*Asks:* 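My questions will all concern the structure given below.
Just so you know, residue 1 is the first one in the sequence shown, and it goes up from there. This one's a predicted model, so the numbers in the text were calculated from it and none came from an experiment.
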Amino acid sequence: MRLLPRASRRALIAAGAIGALAMGVTIALPAVNAMAASGCAVTYTTNQWQGGFTANITIKNLGDPINGWTLGFTFPNGQQVTQGWSATYTQSGAAVIARSMDYNGSLATNASTGIGFNGSWTTANGTPTSFTLNGTVCTGSTTPSSPAPSNSPSASPRPSASPSPSPSQPAGTPVSINGQLRVCGVNLCNRFNRPIQLRGMSTHGIQWFANCYNDNSLNALASDWQADLLRVSMYVQEQGYETNPAGFTNQVNNLVEEATERGLYAMIDFHTLTPGDPMYNLERAKTFFAAVSARHAAKNNVIYEITNEPNGVSWSTIKNYAEQVIPVIRANDPDAVVIVGTRGWSSLGVSEGGNSTEIINNKVNATNIMYAFHFYAASHKDNYRAEVERAAAALPIFVTEFGTVTYTGGGAVDASSSTAWLDMLDRLKIGYANWTYSDANEGSAAFKPGTCNGSQYAGTSVLTESGNFMRSRIRTPDNFPTT
Ligand code: IDC
């Protein structure tokens, strides 16, 4: 135990004054107990471009356990926070305060948490020289060799968001085996340049079913289902992203972190649906993908799906949208695979009387991309299967969404059509994500209604007919090539 150094007390007072100024009210900072040991270490890394930057911050608590924190720092060159995640930011002049969220406020001794933000700069960027955590100046090192203040076992820190999350991924998982993926011809190849098929599940709309995505359910997806992939479905309309861009960006980022911790690939689905013209959401898409691609640039497991189901628009409009959004992602994350939706609710045009020839003759002008195909097995059968098989000879295709039921998301499971579809996708090594890993009251949901109010997700007793069907398909061995 040691007394709080004078500098720390000064910093606390300063931090409190800044908070009060920014908010126009007095901020109650967590009380600092002079008898408690305090200490912290901060790493601050940035990716920058002309006029803007992304900062990723790792905060490590070297003192006694804390419950709720404020991180204070001062920009050297008049930068501005424009959008933050995993903390609530207030800025007054050059002084910034980041306040913990409900879910990351508790930090055991030696535990770390990652936060970040996008910012702007005019004359120069530059790194703050000093950070305070609950008023204590952070002087420690974030490397594992930093001295532990007690001999109590340290809480296992969640892997930080960046800059290099890969080493914290568990061994033997889809991501640890396959690594960074890339498009090779019409396939998706792993780090050994061998074609692979990813099989996984899509969330339902995260604005409605957030309670279905928690440690237990995601553990079940990774371990019991043996899935390779989590598609994170963020609706843009229908009470989605447009109502709270920062909040939904955070929610997506957190789910990507959860997938990463479990060695799953994460597909970020910008779930446009109605209106069907993706151009309606072009500016939102650019803002959203700039933020998520910056945040996850150092990861090797993130796949970007830039528009869910364009409908009522021409292929050339979709292509134009893609050619504006893809560069935003590439600026941060040059090697990530990007998936482009197709005409007629991602039917390769078939549901609007077209076919994949319009794409084959007029491909998106970008590399390392794939095209989305969606089907609902009780509605879409032989003519759709024939078109996918034909298209797959010329285009890299990913089935980023499909249901075992009708296109409404409801009705009975069509087991024979679903089996025909999945047998074909397996044969062609086309990856897929099933709609939905949720307890929605509709036939496409994998869990019985009410499941997400509880804590049990593994096994079959909680599953619907569709869930049972999908779990047994996904659980079979992947046999990913490793040479
Ligand atoms: C459906 C959901 C349903 C929700 C509706 C809202 O299953 O609970 O009320 O969206 O728009 C899609 C879409 C997907 C649909 C799904 C089933 O990508 O958003 O989800 N579907 O209708 N395309 C074809 C089918």
*Asks:* Write down the atom of Y89, the atom of A98, and the distance for their closest heavy-atom approach.
*Replies:* CE2-CB, 3.7 Å
*Asks:* For W225 and Y437, take the angle between the two ring planes, folded into 0 to 90°, and tell me which bin it lands in: parallel under 30, tilted 30 to 60, perpendicular over 60.
*Replies:* perpendicular
*Asks:* I'd like to know if the side chain of H204 pairs up with that of D439 as donor and acceptor (distance under 3.5 Å, no hydrogens or angles considered).
*Replies:* no
*Asks:* Contact between Q239 and W208 at the side-chain level, heavy atoms closer than 4.5 Å - yes or no?
*Replies:* yes
*Asks:* Indicate whether the side chain of N320 and that of Q324 have a donor and an acceptor atom separated by less than 3.5 Å.
*Replies:* yes
*Asks:* Going by distance alone, is a donor N or O of one side chain under 3.5 Å from an acceptor N or O of the other, for N311 and E352?
*Replies:* no
*Asks:* Please verify the inter-ring angle class for F53 with F117; under 30° counts as parallel, over 60° as perpendicular, anything in between as tilted.
*Replies:* perpendicular
*Asks:* For A445, does its backbone N or O pair with a side-chain atom of S438 as donor and acceptor, under 3.5 Å?
*Replies:* no
*Asks:* Quick one: does any side-chain atom of N244 pair with a main-chain N or O of F248 as donor and acceptor, under 3.5 Å?
*Replies:* no
*Asks:* Judged by atom type as modelled, is there a donor-acceptor pair below 3.5 Å linking the side chain of S379 to the main-chain atoms of Y407?
*Replies:* yes
*Asks:* Check R295 with D333, please: is the shortest side-chain N to carboxylate O separation under 4.0 Å?
*Replies:* no
*Asks:* Step by step, work out the side-chain hydrogen bond (donor to acceptor under 3.5 Å, both in side chains) result for T404 and S466.
*Replies:* CA-CA 6 Å; T404 58; S466 188; 2.7 Å; yes
*Asks:* Would you tell me whether H271 and Q207 have side-chain atoms, one donor and one acceptor, within less than 3.5 Å of each other?
*Replies:* no
*Asks:* Please tell me if the side chains of I306 and F289 come closer than 4.5 Å, counting only heavy atoms from C-beta onward.
*Replies:* yes
*Asks:* Taking the side chain from W315 and the backbone from N362, do they hold a donor-acceptor pair closer than 3.5 Å?
*Replies:* yes
*Asks:* Is it true that the side chains of T260 and N301 contain a donor and an acceptor less than 3.5 Å apart?
*Replies:* yes
*Asks:* Using distance alone, with no hydrogens and no angle criterion, decide if S293 and N332 have a side-chain donor and acceptor under 3.5 Å apart.
*Replies:* yes
*Asks:* In terms of the angle between their ring planes, are F447 and Y457 parallel, tilted or perpendicular, with boundaries placed at 30° and 60°?
*Replies:* perpendicular
*Asks:* Are Y321 and N281 close enough that a side-chain donor and a side-chain acceptor fall under 3.5 Å?
*Replies:* no
*Asks:* Between L107, L71, T70, which is the residue that forms a side-chain contact (heavy atoms from CB on, under 4.5 Å) with N134?
*Replies:* T70
*Asks:* For N216, does its backbone N or O pair with a side-chain atom of N214 as donor and acceptor, under 3.5 Å?
*Replies:* yes
*Asks:* Cut-off 3.5 Å, side chains only: do N193 and R182 have a donor facing an acceptor?
*Replies:* yes
*Asks:* What I want to check is whether the side chains of Y376 and T408 have a donor and an acceptor closer together than 3.5 Å.
*Replies:* no
*Asks:* Are any of the side-chain heavy atoms of F209 and T436 separated by less than 4.5 Å?
*Replies:* no
*Asks:* State whether the side chain of R191 and the backbone N or O of I177 hold a donor-acceptor pair below 3.5 Å, judged by distance alone.
*Replies:* yes
*Asks:* Could you give the distance from CD1 (I206) to CG (N211), rounded to the nearest 0.5 Å?
*Replies:* 12.5 Å
*Asks:* Over 60° means perpendicular and under 30° means parallel, so classify the ring planes of W435 and Y235, tilted if in between.
*Replies:* tilted
*Asks:* Do T400 and H374 have side-chain N/O donor and acceptor atoms under 3.5 Å apart?
*Replies:* yes
*Asks:* May I ask you to decide if S120's main-chain N or O and Q79's side chain share a donor-acceptor pair within less than 3.5 Å?
*Replies:* no
*Asks:* Does D277 use its side chain to pair, donor to acceptor, with the backbone of M279 at less than 3.5 Å?
*Replies:* yes
*Asks:* Give a yes or no on whether the backbone of M201 and the side-chain of N434 come within a donor-acceptor separation of less than 3.5 Å.
*Replies:* no
*Asks:* Examine distances only and state if a side-chain atom of R194 and a backbone atom of N190 form a donor-acceptor pair shorter than 3.5 Å.
*Replies:* no
*Asks:* Under 3.5 Å, is there a donor on one side chain and an acceptor on the other for N308 and T272?
*Replies:* no
